[in-house]
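Below is one structure, written out as structure tokens; the observations come after it.
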2 protein chains.
Amino acid sequence: MEDGTSPSLSYCGDTDDGYDVRQWDVREDCEVRQILDRIADKWSLLVIALLDQRSLRFTELRRQVDGISQRMLARTLRHLERDGLVSRTVHPSVPPRVDYALTPLGATLHETIRALVTWTETHQQEIAAARAAYDVRAAAEQRQADEEAAARTALARAVLERGGPGPTQDVAGRVPR
Amino acid sequence: MEDGTSPSLSYCGDTDDGYDVRQWDVREDCEVRQILDRIADKWSLLVIALLDQRSLRFTELRRQVDGISQRMLARTLRHLERDGLVSRTVHPSVPPRVDYALTPLGATLHETIRALVTWTETHQQEIAAARAAYDVRAAAEQRQADEEAAARTALARAVLERGGPGPTQDVAGRVPR
DNA sequence: CGGTATCCCCTAAGATACTG
DNA sequence: CAGTATCTTAGGGGATACCG
């Protein structure tokens, strides 16, 4: 076993019905964080989405996920299996055949995840716009900072070379605040 | 800018209405993956949850998140701001004061995330049970494997010491297939 | 075919120190 | 107070090799 959740921490108790961030914060050590880590890792989501269509063999998954290493596929499947999201069926034949399928639990999770995907699709334009705007602002601020730095440098040089400060005006021609 | 999404890849085009995993797989390079990485990273979720209650200053967040480093909080907030999920307001006072708040977009995301949290809360018992069952099975298989290994070792030693194989029966007393 | 074991690299994130 | 800059380390993940 490579990791595996110390049993003493696995249950934190659900205190009440309300939605309290402090509780949430505490629960982070609990389950929410773990499930989130599971579905958010590089491959799990893809595997779940694939298996929601039909059950697949190891090699089929390997081919369809494209880019995943044997090691990571095995790890991902072990994790999903341990959490009860995916079932593993070994057919005792030659060559060996192992089928992976989404459990009912896994299916409900996938359902929930789809809400998130839908949200993303709905708002991707807004996000793209926000990013573009941010990047423009950031670039502008960067230019600004560069100019001021250049001005300071130039002023410092002037002071050193001429043994004293020049007129109260920086290189960019603006008056300092 | 430390990283930041090469512009040429940011839009993949939404081809049709159907839900196709292959498309999804492709879209991974697009937006879904990025948003998922954003909301799934170690701190973003907590910050969003906190800000959904009320706007907070940098240090307030730092205190409430508990465990986050100054560096990571700053990074997390920059990311969320860039994606248009959180707004940053600088009050030009001494000492400086900066307020962070959830944007309307961020609020809708938080709404969606809550579905996931609810799912987790609803199914955490099932997950815990699945893990326990898995661990029991794994432990049993491990014991089994260890026993067989010990048996093989013992048999090998017996062969070496006595110059030939013993009776057709292994140490565990079972007949080989 | 369906894995596990091993090595190794690279980056994300923590600690620390400094700045406007 | 609200950050950025720099250094360092743990572990996620790829490549490879081998087992049942």
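So that the names make sense, note that chain A is the first sequence line, chain B the second, and so on, each numbered from 1.
- Nearest nucleotide to the A/Lys42 side chain, out of D/dG13, C/dG3, C/dC1: D/dG13.
- By the 4.0 Å N-to-carboxylate-O rule, A/Asp41 lies too far from A/Arg75 to be salt-bridged with it.
- Computed from coordinates, the B/Leu73 CG to D/dC1 P distance equals 14 Å when rounded to whole Å.
- Taking 4.0 angstrom as the limit, B/Arg57 places a side-chain polar atom (N or O) nearer than this to OP1 or OP2 of D/dA2.
- Rounded to whole angstrom, the span from the CZ atom of A/Arg78 across to the C1' atom of C/dG2 amounts to 9 Å.
- Taking atom CD on B/Gln70 and atom C1' on C/dA17, their separation rounds to 11 Å, with Å as the unit.
- A/Trp119 has its side chain within reach of B/Leu105: a pair of non-hydrogen atoms, C-beta onward, lies under 4.5 Å apart.
- Between the CG atom of B/Asp41 and the P atom of D/dG12 there is a distance of 15 Å, given to the nearest Å.
- Within 4.0 Å of B/Arg62, counting heavy atoms only, lies no atom of the nucleic acid at all.
- When the C1' atom of D/dG12 is taken as reference, atom NE2 of A/His79 falls 10 Å away, rounded to whole Å.
- Between the CE atom of A/Met72 and the C1' atom of D/dG14 there is a distance of 9 Å, given to the nearest Å.
- With rounding to whole Å, B/Arg63 atom CZ is found 9 Å from D/dA2 atom P.
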Subject >> Residue pair A/Ile113, A/Leu109: steps toward the side-chain contact (heavy atoms from CB on, under 4.5 Å) verdict >> reply: CA-CA 6 Å; A/Ile113 289 171; A/Leu109 177 58; 3.9 Å; yes
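- Considering only side-chain atoms of A/Pro96, the nucleotide from D/dG20, C/dG3, D/dG12 that sits closest is D/dG20.
- Atom CG in A/Asp99 sits roughly 15 Å away from atom C1' in C/dG3 (whole-Å rounding).
- Regarding contacts with the backbone of D/dC1, every side-chain N or O of B/Tyr100 stays at 4.0 angstrom or more from both OP1 and OP2.
- Side-chain N/O atoms of A/Arg88 include one lying less than 4.0 angstrom from OP1 or OP2 on C/dG3.
- Residue B/Trp43 has its side chain nearest to C/dG14 when only D/dG14, C/dC1, C/dG14 are considered.
- Checking D/dC1, D/dG14, C/dG3 against every side-chain atom of A/Ser69, the shortest atom distance belongs to D/dG14.
- Salt bridge absent: A/Arg63 and A/Glu60 never bring a charged side-chain N and a carboxylate O closer than 4.0 Å.
- Side-chain proximity of B/Ala74 to the nucleotides D/dC1, C/dG3, D/dT4 is greatest for D/dT4.
- Listed candidates were C/dA15, D/dG3, C/dG3. Nearest to the side chain of B/Arg71 is C/dA15.
- Using a 4.5 Å heavy-atom cutoff, the side chains of B/Arg131 and A/Asp83 are in contact.
- OP1 and OP2 of C/dC1 both lie 4.0 Å or more from every side-chain N or O belonging to A/Thr59.
- Distance from the side chain of B/Val98 is smallest for D/dG3 among the nucleotides C/dT4, D/dG3, C/dC1.
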